[in-house]
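A short worksheet on the structure shown next.
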Protein chains: 2
Amino acid sequence: MNLRELSRQLNLSQTTVSRALNGYPEVSEQTRKRVTEAARRYNYSPNARARTLATGRTMSIGHIIPMSKQNELVNMVFTDFIAGAGLVYAQQGYDMTLRIVADDGKLAAYRSFAERGAVDGVIVQSPTRDDPRIDYLAALDIPFLVHGRASEITKPYPWLDVNSKRAIETATRHLIELGHRRIGLVNGHEVMDFASRRREGYCAALTAAGLVVDEALTRSGDMSEPNGYEAARDLLAQQDAPTAFVASSIVMALGVKRAVEDRGLRIGRDVSVVCFDDDISFLPNAGETPLFTAMRSSVRAAGQRCATLLIERIKAPQAPPPTELWEAELIRGTSSGPGPFA
Amino acid sequence: MNLRELSRQLNLSQTTVSRALNGYPEVSEQTRKRVTEAARRYNYSPNARARTLATGRTMSIGHIIPMSKQNELVNMVFTDFIAGAGLVYAQQGYDMTLRIVADDGKLAAYRSFAERGAVDGVIVQSPTRDDPRIDYLAALDIPFLVHGRASEITKPYPWLDVNSKRAIETATRHLIELGHRRIGLVNGHEVMDFASRRREGYCAALTAAGLVVDEALTRSGDMSEPNGYEAARDLLAQQDAPTAFVASSIVMALGVKRAVEDRGLRIGRDVSVVCFDDDISFLPNAGETPLFTAMRSSVRAAGQRCATLLIERIKAPQAPPPTELWEAELIRGTSSGPGPFA
DNA sequence: AAAGTTTTTCAAAGCGCTTTGAAACGAAGG
DNA sequence: CCTTCGTTTCAAAGCGCTTTGAAAAACTTT
């Protein structure tokens with residue numbers, strides 16, 4: 001059953017039926033009732049494809065998920081972000097259009113979304129410091145919103161980010177205040193904007209405390225458990241090993257924990273760990289006293305907010321680009337304790 | 001730039017330009033060349049919305065992700081499955097349309113996908129024993145593919161499943177052969193088809209070995225770490241506690257492990273654990289000797305295969321519904337060892 | 001009762017593509 | 001040279017909705 005058939009059944013024009021169903025005011029309550037009843041009776045629902053063409057809106061938001069090389073894959077942060085965003089989309093009648101793509105196909109994927117008019121807007125996740133997607137999307141003139149920032153891009157663009165620098169600065173200062181002097185940094189790849197900011201925060205805290213930054217105590221790489229393990233194992237094997245670690249995620253912190261325990265040391269007593277905690281629903285660092293002392297900011301909440309902001313932007317594309325900087329919260333867990341200089 | 005403008009520039013009809021770009025044979029190589037070059041020059045790409053209406057195909061596959069109550073949410077199995085499927089979609093030019101929906105809105109969501117023609121096909125994940133979605137989709141006459149099965153549905157429908165029963169039967173027998181007699185089952189909710197089959201496998205192995213099934217040794221619930229922990233903690237607190245556990249997932253097994261260690265016992269020596277391992281990329285149970293002895297079957301591979309089968313089905317809807325039963329593989333890890341009767 | 005308003009309904013024109021059925025063209029055959 | 005046939009191109013008709021601009025109907029006002 002399509003609109004034409006339905007309108008014939010009712011002896012009304014397509015116009016009237018369409019308006020009745022879409023809640024326009026210029027149709028009497030009586031006919032609206034007739035129409036909605038008939039629509040239900042004949043089980044009519046408007047064809048999404050046709051509506052999309054007629055309105056110029058697809059009611060869907062594009063997400064591109066990069067799938068690097070072999071295994072780094074769809075990580076949990078992406079997943080939780082999407083879960084948050086998806087919730088908002090559902091509420092607002094949008095769908096999420098997901099495309100999984102090799103790292104080098106990202107740009108082309110965004111382009112295809114934009115040029116073919118396949119989505120009404122796109123989300124950009126995990127920007128690098130000088131992320132080409134941003135200029136690209138601005139030029140393509142499609143609404144977008146960046147989760148994170150690209151430090152090296154100066155033109156205004158819409159973003160929502162967590163204050164990574166301050167978060168890690170706070171984390172590092174916390175360890176210093178506990179009496180730690182040799183503090184390792186187990187970071188993500190520093191082409192990622194957030195990771196580079198985290199290093200800045202780490203350095204800033206050390207410097208502020210009059211400590212020197214020892215490059216030998218820092219590592220960056222895939223934000224996986226094995227990688228956190230290896231980094232910590234190496235650092236712990238050095239002479240003059242660190243007594244504390246700042247880890248860039250819970251997952252890496254779990255690797256650090258394993259490395260510490262492998263050496264027969266105890267987390268929170270012999271070695272302290274503070275990490276960034278995206279509050280991933282699946283890896284809860286929760287309870288009365290959570291395992292990890294952490295800087296927490298919910299990535300799911302960020303997803304929700306990004307979705308909301310993007311939808312607003314779709315509705316009012318001319319408004320100045322929104323920007324939002326969130327602060328992470330220090331959560332005291334059992335993984336941090338007094339250091340040798342306490 | 002749209003098709004009409006492009007064809008005017010070229011002094012050709014829309015027909016010819018369209019055919020040239022879509023690789024139809026009835027256009028001379030010479031004009032095809034002219035057309036593709038002009039298309040590139042003017043940066044033309046066909047409007048997806050219009051094409052979708054004209055062809056009747058959206059080139060996208062619907063996935064509905066249920067988000068129960070508050071927190072059980074988008075779990076890792078869903079995520080990995082989607083990662084696998086998404087890979088195939090990308091290769092074949094499909095997008096994934098994702099909708100996150102409350103548990104009680106699932107049926108309506110599938111319906112809206114189907115009736116409005118928003119997607120070309122849908123994937124059904126985690127069916128219950130008598131899942132209403134299957135009849136519903138069959139009636140709606142939209143291509144679909146079930147990952148898993150619904151035991152109580154007899155009509156043929158397309159599915160791909162892992163042989164859960166045999167997998168858990170093998171796991172349980174493995175423990176019995178190691179000399180365990182009191183074996184706990186830490187299962188998912190048994191309305192889920194796969195969970196009910198896993199229980200069947202567990203019971204079958206016990207019975208085959210002449211042992212009686214003690215309901216007091218089985219638990220079922222959310223497949224989360226905390227839930228695995230609680231189940232194991234309770235079971236271990238009983239007098240005549242189990243010396244081994246069969247867990248329905250790695251995540252639950254991690255909870256079991258924690259409970260065992262909390263009692264000061266050691267996994268693989270004092271208490272054995274075998275689990276089902278979906279080979280989730282993010283929770284690798286890997287290495288030379290993996291932590292858990294497990295029945296492994298990659299959910300990501302299943303996602304790929306499901307996507308492939310669904311696309312085939314979209315292309316040939318009249319073919320008999322495909323069905324595929326995969327066997328899981330026993331992986332020896334360090335979590336299982338001789339029991340008291342060895 | 002005529003004229004003016006407001007409310008309700010309609011016919012038709014898109015939206016930008018694909019695809020059908022016919023026409024124009026060129027080459028081949030008689 | 002005319003006919004026939006295969007190749008290449010085209011005009012026009014959808015696809016199923018929304019939306020514009022106009023007409024019809026129902027009320028008001030004079």
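Lettering follows sequence order; numbering is per chain, from 1.
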Close side-chain approach of B:Arg149 to B:Thr323, heavy-atom, < 4.5 Å: no
Heavy-atom side-chain contact between B:Leu145 and B:Val124 under 4.5 Å: no
Where chain B begins and ends its contact with DNA chain D, read 5' to 3' at 4.0 Å from heavy atoms: D:dT8 to D:dG16
Residues from residues 38-56 of chain A lying under 4.0 Å of DNA chain D - heavy atoms: A:Tyr44, A:Pro46, A:Asn47, A:Ala50, A:Arg51, A:Ala54, A:Thr55
Of residues 23-31 of chain B, the positions that come close to DNA chain C - non-hydrogen atoms, cut-off under 4.0 Å: B:Tyr24
Residues A:Arg111, B:Ser45; criterion side chain to side chain donor-acceptor pair (under 3.5 Å); working and verdict: CA-CA 10 Å; A:Arg111 170 176 179 158; B:Ser45 57; over 6 Å; no
More than 12 heavy atoms from other groups under 6.0 Å of CZ on B:Arg57: no
Qualifying residue for ring-ring contact (aromatic ring centres under 6.0 Å, His included) with A:His63, from A:Tyr110, A:Tyr89, A:Phe113: A:Tyr89
Donor-acceptor contact present, side-chain B:Asn22 to main-chain B:Tyr24, <3.5 Å: no
Salt bridge present between B:Arg99 and A:Asp95 (N-O < 4.0 angstrom): yes
Heavy-atom neighbours of A:Asn43 CG exceed 12 at 6.0 Å: yes
B:Arg32/B:Glu29 ion pair, N-O < 4.0 Å: yes
Non-hydrogen side-chain atoms of A:Leu53 and B:Thr52 separated by less than 4.5 Å: no
